[in-house]
Student: 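Quick one: this structure, given as structure tokens, is what I'll be asking you about.
Computed over heavy atoms, backbone and side chain alike; hydrogens, waters and symmetry mates excluded.
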Amino acid sequence: MRRLASDAEHDAEAYAQLVPTVVVSALPVPALVVQVTRPADTDDGGGIGAVVVGVSMCHGVGDGQALWEFIRAWAAAARDGSPALPGFLPPVFDRAVINRHPKAEAVSRTFLRIFAPALP
């Protein structure tokens, strides 16, 4: 755990084990996948009390800001027992906000063809 947390070395394979795997080749696609990894305790005290939380989200559900707002609320709930944060914005489920762009449908179809060509 200390090796991964340091700036000296970046082991992509080790990091990949901390991120949940999401299969997006068929519907229904999970909206959110969370993986919690607790490293093994070592003789030198490494890993004691540590956890790694890996999160993967379907971008059809939200964007990067929505994901970070979720993580902030989750951390506040874990830390303080309440998800109510100063400046916390509730989620918006109105897809009309997305569809206002004149090329929204064409862009959506293009992304689906590239990232999920097997979906109907």
Student: Show the nearest heavy-atom pair for residues Cys58 and Pro30, with the distance to one decimal.
Tutor: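 Reported closest heavy-atom pair: CB-O, 3.6 Å.
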Student: Which heavy atom of Pro20 sits nearest a heavy atom of Val55, and at what distance?
Tutor: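 Shortest heavy-atom contact: CD-N, 4.0 Å.
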Student: According to side-chain contact (heavy atoms from CB on, under 4.5 Å), who are the partners of Val36, at least two apart in sequence or on a separate chain?
Tutor: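 Partners of Val36 by the side-chain contact (heavy atoms from CB on, under 4.5 Å) criterion, ordered by chain and then number, come out as Val34, Val51, Val53.
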Student: From Ile114 CD1 over to Arg109 CZ, what is the distance, rounded to the nearest 0.5 angstrom?
Tutor: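 Rounded to the nearest 0.5 Å, the CD1-CZ separation comes out at 14.0 Å.
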Student: Do Ile71 and Met57 belong together in a cluster built from hydrophobic side chains that touch within less than 4.5 Å?
Tutor: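 Hydrophobic grouping puts Ile71 with Met57.
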